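Everything quoted here is computed from the prediction, not taken from an experiment. Note on naming: letters A, B, ... go to the chains in the order of the sequence lines (proteins, then strands), and numbering restarts at 1 for each one.
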Amino acid sequence: MSQFYEDVYQVTCRIPAGRVTTYGAIAAMLARPMAARAVGYALSALPEGTSVPWHRVINAQGRISLKDRHPGETGLQRRLLEREGVVFDSEDRVDLRLIGWVDPAEPE
DNA sequence: ACGATGACGTTAT
DNA sequence: TATAACGCCATCG
């Protein structure tokens, strides 16, 4: 397990339930503002039963970037978030200004 | 070492 | 709003 992966998971675990953050934001917290893509790559490596709240990570547009794996599955990630109270608008987007999370310990 | 890949982000059409 | 073109980065084969 690379240090990068661990850092990504560590930050992801700090996201409170009912809140979300973006790949880019996580990358920025790791002092790598341009590594959003790599963050997604790291999350994709997580096993199914992981305790890491990977579903709280979405893209900068407030939308889910993960396509449904199996036909019939109407967005696992979305259901997990809605179960935490996250609301999606008519265009399947969430208001990051409202529930977007930023690490308080992270200076701007 | 090198080119390809992907749960990204920004900018230009 | 939707699509495309780039740039970026850690991994993979």
The side chain of A:Gln61 is closest to which nucleotide in this list: B:dC8, C:dT11, B:dT10?
B:dT10
Which of the following nucleotides, C:dT1, C:dC9, B:dG9, is nearest to the side chain of A:Ala38?
C:dC9
Side chain A:Arg37 and base B:dG9 donor-acceptor under 3.5 Å:
no
Give the cluster check for A:Val87 versus A:Leu98: same hydrophobic cluster or not, with ILVMFWY residues linked at side-chain heavy-atom distances below 4.5 Å.
no
Would you say the side chain of A:Val20 lies within less than 4.5 Å of the side chain of A:Leu96, judging by non-hydrogen atoms?
yes
Can you check the A:Trp54 CH2 to B:dC8 P distance for me, whole Å?
13 Å
Contact check, side chains of A:Arg32 and A:Val39, non-hydrogen atoms, under 4.5 Å:
no
Polar side-chain contact A:Tyr23-B:dA7 base: donor and acceptor under 3.5 Å:
yes
Value in whole Å for how far the P atom of B:dG6 lies from CD1 of A:Ile26
20 Å
Touch class at under 4.0 angstrom, heavy-atom based, for A:Phe4 against every strand present
sugar-phosphate
Whole-Å distance, A:Glu48 CD to B:dA7 C1', equals 15 Å
Among the nucleotides B:dG9, C:dA10, B:dA7, whichever has the atom closest to the side chain of A:Leu66 is B:dA7
OP1 or OP2 of B:dC8 versus the side-chain N and O atoms of A:Ser65: is any pair under 4.0 Å?
yes
A:Leu43 CG to C:dC9 C1', in whole Å, measures 14 Å
Output the rounded distance in Å from CG (A:Leu30) to P (C:dC8).
19 Å
Indicate yes or no: at least one non-hydrogen side-chain atom of A:Tyr41 is less than 4.5 angstrom from one of A:Val8.
no
Interatomic distance, A:Arg32 CZ vs B:dC8 P [rounded to whole Å]
19 Å
Between B:dG9, C:dT11, C:dT1, spot the one nearest the side chain of A:Tyr41, thanks.
C:dT11
Roughly, in whole Å, what's the span from CG in A:Leu46 to P in C:dA10?
18 Å
From the set C:dT1, C:dA10, B:dC8, return the single nucleotide nearest to any side-chain atom of A:Ala36.
B:dC8
When the distance from CG of A:Asn59 to P of C:dC8 is rounded to whole Å, what number comes out?
20 Å
Are A:Ile58 and A:Gln77 packed together at the side-chain level, in the sense that at least one heavy-atom pair is separated by less than 4.5 angstrom?
yes
